[in-house]
Amino acid sequence: MEVLYKSTRSNSEPVKASEAILKGLAEDGGLFVPDHIPALDVSIEALSKMSYREVAYEVMKLYLTDFTEEELKNCIDRAYDAKFDTEVIAPLAYAGNAYYLELFHGATIAFKDMALSILPHLMTTSAKKNQVKNDIVILTATSGDTGKAALAGFADVDGTKIIVFYPKNGVSPVQEKQMVTQKGDNTHVIGIHGNFDDAQTGVKQLFGDKELAVEMDAKGYQFSSANSINIGRLVPQIVYYVYSYATLYAQGKLTEGQAMNVVVPTGNFGNILAAYYAKNMGIPVGKFICASNDNKVLFDFFATGTYDKNREFILTSSPSMDILISSNLERLIYKVAGEDSEKNAALMASLAKEGKYDVTPEMKEKMSDFIGGYATEEETFAKIKALYEDCGYVIDTHTAVAAAAYDKYVKETGDDTVTVIASTASPYKFARSVMNAIDSKYDSMSDFELIDELCKISNVAVPNAIEEIRTAPVLHKTECEKDEMKQAVKNFLNM
């Protein structure tokens with residue numbers, strides 16, 4: 001059955017998957033959502049015998065219904081290839097009291113690779129299907145990981161250009177080095193003087209700028225997005241929750257129909273939303289534990305039903321979660337509002353105008369599977385140290401937020417359901433924070449000395465993504481104020 005995509009903010013005409021991928025954002029500012037969530041049409045038994053690529057096809061064919069089998073399999077095969085350092089793509093490691101779903105084995109050692117390895121192929125295939133003549137300009141705001149993963153995915157892809165905005169002092173040294181050393185004639189990286197929310201808001205304003213769109217079209221360009229707001233980012237993320245359940249079933253850790261819990265360190269809400277979509281497709285998920293750092297806007301939301309971004313923005317050791325506006329939450333709000341675009345649009349208008357909104361008790365009840373959790377910086381570092389000392393397993397700061405939040409949840413509830421924690425980045429990406437958590441003696445070392453020391457204590461080889469940037473020259477030095485983003489885009493496109 002065909003799946004079409006509609007906006008969360010109006011009853012405009014639905015579009016095909018390829019059109020939604022190309023547009024990125026609906027013209028009314030809403031996000032594209034499927035008109036129904038399709039049910040899996042293969043058994044868990046069958047899925048448990050499949051490779052990651054095969055599972056990806058079984059999931060994605062149900063959402064991307066205007067892609068032919070050949071087109072979709074070609075995209076999958078090109079995405080999940082030798083740039084992943086493990087054949088299984090997303091291995092599960094047991095440590096402590098949970099399974100860690102390692103989503104960081106791709107080219108940029110963060111979970112964004114799982115979707116951003118395939119998005120360029122989905123995008124260029126979509127452009128051909130829709131006879132697009134313009135070059136696609138990927139416009140993205142990043143809190144650290146999306147930027148590099150998108151740059152790596154789109155670098156030197158014909159018919160595309162990519163512009164990434166990041167908060168100049170709001171990402172880790174390794175994250176920044178990964179971005180500013182990116183090769184590719186079609187890539188451009190800009191550090192803005194502001195935080196991630198400023199960058200994300202600026203990008204959304206550029207997408208909604210009709211005058212700019214006309215100017216760009218005249219020059220042979222059109223915008224699209226590689227942010228998690230693009231449905232082409234969300235659909236590939238559903239795959240690894242289906243795959244992890246099937247893997248645990250294959251290993252005898254779950255029986256068919258037995259629930260698993262999922263814990264996700266959450267910033268923009270796309271990763272945990274993908275798990276929610278997996279449940280709606282038929283994967284038995286019990287609780288979605290939404291883990292926040294000190295910027296605990298989502299923790300407060302699930303506790304109270306009030307989303308309120310009017311608070312201090314705190315820079316933490318888990319910068320990809322330093323977010324006060326979780327864009328993908330809108331897709332869940334739309335769903336629990338009974339797919340009432342008018343009601344959802346009013347809530348989003350309230351967020352834009354007043355920085356907050358309240359859901360009804362009925363809507364809150366429909367989100368009862370979501371549990372808010374959070375971990376302070378101290379709790380995050382303590383978890384890294386404890387897991388290393390107890391198991392010899394080293395996790396990054398974002399994963400540690402999730403693991404620490406999960407420990408609190410178990411202590412409060414006694415829930416011993418088999419649990420998968422989304423491990424969203426390699427510890428190598430945040431080596432200083434990780435090593436300092438294990439022992440403060442490491443603080444005097446340089447970034448790359450720390451990386452070599454981490455290699456020794458973890459017995460995990462230094463990833464190629466890190467080796468590449470040791471001596472790589474800085475190629476991107478552009479900075480701008482948050483109100484200069486439009487001009488920065490025009491400068492790069494010679495407009």
Side-chain angles (χ1 to χ4, degrees), residues 3-12 14 20 23-37 63 197 200-201 204 207-208 225 227-231 233-235 237-238 262 264 266-281 285 287-292 295-311 321 323-374:
V3 174
L4 295 174
Y5 290 83
K6 52 188 182 177
S7 170
T8 52
R9 297 193 192 180
S10 74
N11 293 317
S12 53
K23 288 175 186 287
L25 200 63
E27 285 169 18
D28 53 37
L31 308 189
F32 285 113
V33 287
D35 60 0
H36 67 281
I37 295 179
Y63 287 93
D197 286 334
Q200 182 165 254
T201 299
K204 285 183 176 177
F207 270 109
S225 169
N227 271 73
S228 60
I229 53 176
N230 192 314
I231 200 72
R233 277 279 304 275
L234 185 62
V235 169
Q237 290 180 271
I238 301 167
V262 171
V264 186
T266 308
N268 231 0
F269 207 76
N271 204 353
I272 198 165
L273 184 73
Y276 174 78
Y277 275 45
K279 177 172 184 170
N280 281 269
M281 294 181 77
V285 179
K287 295 294 184 187
F288 305 94
I289 299 158
C290 178
S292 299
N295 294 290
K296 55 192 181 71
V297 64
L298 287 166
F299 172 81
D300 293 339
F301 170 68
F302 285 116
T304 65
T306 297
Y307 192 98
D308 187 353
K309 77 173 187 75
N310 300 311
R311 61 184 69 205
M321 300 161 67
I323 293 174
L324 296 181
I325 303 174
S326 300
S327 289
N328 270 290
L329 182 63
E330 179 172 347
R331 287 185 165 115
L332 179 64
I333 298 300
Y334 174 78
K335 181 86 172 157
V336 301
E339 304 199 350
D340 183 334
S341 56
E342 201 173 309
K343 186 187 285 188
N344 176 72
L347 292 173
M348 295 307 127
S350 176
L351 180 63
K353 190 177 176 187
E354 295 158 30
K356 61 186 289 192
Y357 60 80
D358 297 287
V359 297
T360 65
E362 295 77 19
M363 290 168 70
K364 189 170 185 292
E365 177 57 31
K366 287 181 185 173
M367 295 186 286
S368 59
D369 289 349
F370 286 86
I371 306 291
Y374 82 97

Calculate, to the nearest 0.5 Å, the distance between atoms CG and CZ belonging to Leu329 and Phe269 respectively.
5.0 Å
According to side-chain contact (heavy atoms from CB on, under 4.5 Å), who are the partners of Glu365, at least two apart in sequence or on a separate chain?
Ser368
Could you point out which residue of Phe302, Phe301, Phe299 forms a ring-ring contact (aromatic ring centres under 6.0 Å, His included) with Tyr374?
Phe299
In Å and rounded to the nearest 0.5 Å, what is the CD to CG distance from Gln237 to Leu273?
8.5 Å
For Asn230 against Ala20, the heavy-atom pair lying closest together:
OD1-O, 4.3 Å
Within a radius of less than 6.0 Å around CD of Glu339, do more than 12 heavy atoms belonging to other residues, nucleotides or ligands occur?
yes
Are the side chains of Ile325 and Leu351 in contact, using a 4.5 Å heavy-atom criterion?
yes
Taking Glu330 first and then Arg9, would you say they form a salt bridge - that is, a charged N and a carboxylate O separated by under 4.0 Å?
yes
Side-chain touch Thr8/Lys335, heavy atoms, less than 4.5 angstrom
no
Met348 backbone acceptor or donor facing Ser350 side chain under 3.5 Å
no
When you measure from the side chain of Thr304 to the backbone N and O of Thr306, does any donor-acceptor pair fall under 3.5 Å?
yes
For Asn328 and Arg331: C-alpha separation, side-chain torsions, deciding distance, then whether side chain to side chain donor-acceptor pair (under 3.5 Å) applies.
CA-CA 6 Å; Asn328 270 290; Arg331 287 185 165 115; 2.6 Å; yes
Just do the salt bridge (charged side-chain N to carboxylate O under 4.0 Å, His left out) check on Asp197 and Lys309 with the steps written out, would you?
CA-CA 10 Å; Asp197 286 334; Lys309 77 173 187 75; over 6 Å; no
Is there a donor-acceptor contact under 3.5 Å from the side chain of Asp28 to the main chain of Ser12?
no
Backbone of Ser326 reached by a side-chain donor or acceptor of Tyr307 within 3.5 Å
yes
Qualifying residues under side-chain contact (heavy atoms from CB on, under 4.5 Å), relative to Ser327, sequence neighbours excluded:
Gln200, Lys204, Ile229, Asn268
Between the main-chain N or O of Tyr5 and the side-chain N or O of Asp35, is there a donor-acceptor pair closer than 3.5 Å?
no
Provide the closest heavy-atom pair for Met363 versus Val336 in the form atom of the first, atom of the second, distance.
CG-O, 3.4 Å
Carboxylate-amine/guanidinium contact Asp369 Lys279, below 4.0 Å
yes
